[in-house]
Amino acid sequence: MAKRIILDCDPGHDDAVAILLALASPQEIELIGLTVVGGNVPLASTLLNARKVVTLANRRDPVYAGCPRPMMREIVTAEHVHGETGLDSGSGQPLGDPEVPVQQQHAVNFIIDTVRSEPEQSITLVATGPLTNVAVAFAMAPDIIPRLNELVVMGGAGFEPGNITPAAEFNVYVDPHAARAVFDSGVNLTMFGLDITHQMLITPPRLKALAAQEGKVCAVVADLLDFFNRYDISKYGWEGAPLHDPCTIAYLIEPTIFELSPMHVVVDTQEGPSLGRTVTDWWGASDEQPNVTVATKGDADQFFSLITQRLATLH
Ligand code: BDR
Ligand code: CA
């Protein structure tokens, strides 16, 4: 049976691929709605981008606007990675205009109402942006926490250094207080942090394989990823940028791609050099009970061939 998911996101190039991978996998995933948060770029742009991506897939799935800013801090954005629009392309060609409206209901209310009205353990929440919408939903309606089947998060870093500060991964850093509340909530939480996403590099052969597929969607995505690759290649000196967010969806489609381990994780919310660090007890150095299942390893070839095959089915 397909997993029923709500995808909370801030597109963003890798969020866009995560959305498309979900839409292209109806056997494994039923996307109930996209909830959008401010993150990579301000909310007005992440919302527009989410609608454009759904339109690109020739779909009309509902898109809900969420929180424009973090709970306590000013928003930090990532135009340096994703470009001014949040979805700049290598060719400079913009995505087509959206044909999907913004739903009236607020994203947080949509999450709460859906999880309350659907059977217990039937909804999986996936978060690929700052955790503001999720934390606000948990604060407004703590009863939804045990009703969720799973919360799958792209965020944090156990072993790896940070990517927005030396200590912190972007999504957790943007709203560390939200992340802290979510990680401490007792929800069944699975974390795809930089430990795993830095294994998933968009190398030239992988980008070429995607571009070689028939159909508009693969060509457009290859053009987007061509832009996305630029900043990270110059930053890291790697063969390609890490394709973070689709790890969450790939895990729901084909969990055997990844190895995971239960660990204790706490988010640092103290102002200072470690703000937003996900302090991860990788080796069981404390007596704290594991509260998160952390992705540690993955098969990058399998991951990219899944994405290429699935995106090729969208027209
Ligand atoms: C995360 O930050 C964003 O720029 C990406 O979309 C991803 O969710 C990686 O740190
Ligand atoms: Ca994201």
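Atoms within a ligand are numbered from 1 in the order they appear, just like the ligands themselves.
Heavy-atom proximity to N163, at under 4.0 Å, picks out these atoms of ligand 1: 9 (C), 10 (O). Distances below 4.0 Å separate heavy atoms of H244 from the following atoms of ligand 1: 9 (C). Short contacts between ligand 1 and N171, defined as distances under 4.0 Å to a heavy atom of the residue, involve ligand atoms 1 (C), 2 (O), 7 (C), 8 (O). Of all the atoms in ligand 1, the ones that sit under 4.0 Å from a non-hydrogen atom of T128 are 8 (O).
The proximity of V81 to ligand 1, defined as any non-hydrogen pair under 4.0 Å, does not occur for either the backbone or the side chain. Contact annotation: for H82 versus ligand 1, heavy atoms closer than 4.0 Å belong to the side chain alone. Neither the backbone nor the side chain of I164 comes within contact range of ligand 1; no heavy atom lies under 4.0 Å. Contacts between D14 and ligand 1, counted as non-hydrogen atom pairs separated by less than 4.0 Å, involve the side chain only.
Closest to atom 1 (C) of ligand 1 among all protein heavy atoms lies E169 OE2, 3.3 Å. When hydrogens are left out, the protein atom nearest atom 3 (C) of ligand 1 is N40 OD1, 3.1 Å; that is the closest non-hydrogen contact. Among protein heavy atoms, atom 8 (O) of ligand 1 sits closest to D245 OD1, 2.6 Å.
Residue contact annotation: N171 places no N/O/S atom under 3.0 Å from the Ca ion (ligand 2). Using a cut-off of 3.0 Å, one finds that D14 contributes no N/O/S atom close to the Ca ion (ligand 2).
Here the side chains of V217 and L56 are in contact, with some heavy-atom distance below 4.5 Å.
Looking at E99 and R59, no side-chain N of the basic residue comes within less than 4.0 Å of a carboxylate O on the acidic one, giving no salt bridge. Using a cut-off of 4.0 Å between Lys/Arg side-chain N and Asp/Glu carboxylate O, D143 and R116 are scored as salt-bridged. Remark: D301 engages R206 in a salt bridge, criterion side-chain N to carboxylate O under 4.0 Å. Using a cut-off of 4.0 Å between Lys/Arg side-chain N and Asp/Glu carboxylate O, R180 and D184 are scored as salt-bridged. Using a 4.0 Å cut-off between charged side-chain N and carboxylate O, K3 and E28 make no salt bridge.
Rounding to 10 degrees, one finds that the Ca ion (ligand 2) sits at the corner of an angle of 140° between D10 OD1 and D245 OD2. Rounded to 10 degrees, the O-metal-OD2 angle spanning T128 and D15 at the Ca ion (ligand 2) equals 80°.
Summarising the local packing, NZ of K216 is surrounded by 12 or fewer heavy atoms from other residues, nucleotides or ligands at distances under 6.0 Å.
Nearest residue to atom 2 (O) of ligand 1 from F192, F170, Y173 is F170 (criterion: closest heavy atom).
In this model, no donor atom of one side chain and acceptor atom of the other lie less than 3.5 Å apart for S91 and Q93. Between the side chains of N40 and H82, at least one donor N or O lies within less than 3.5 Å of an accepting N or O.
Listed by first and then second residue, the ring-ring contact (aromatic ring centres under 6.0 Å, His included) pairs that reach into residues 102-121 are Y64-F110, sequence neighbours excluded.
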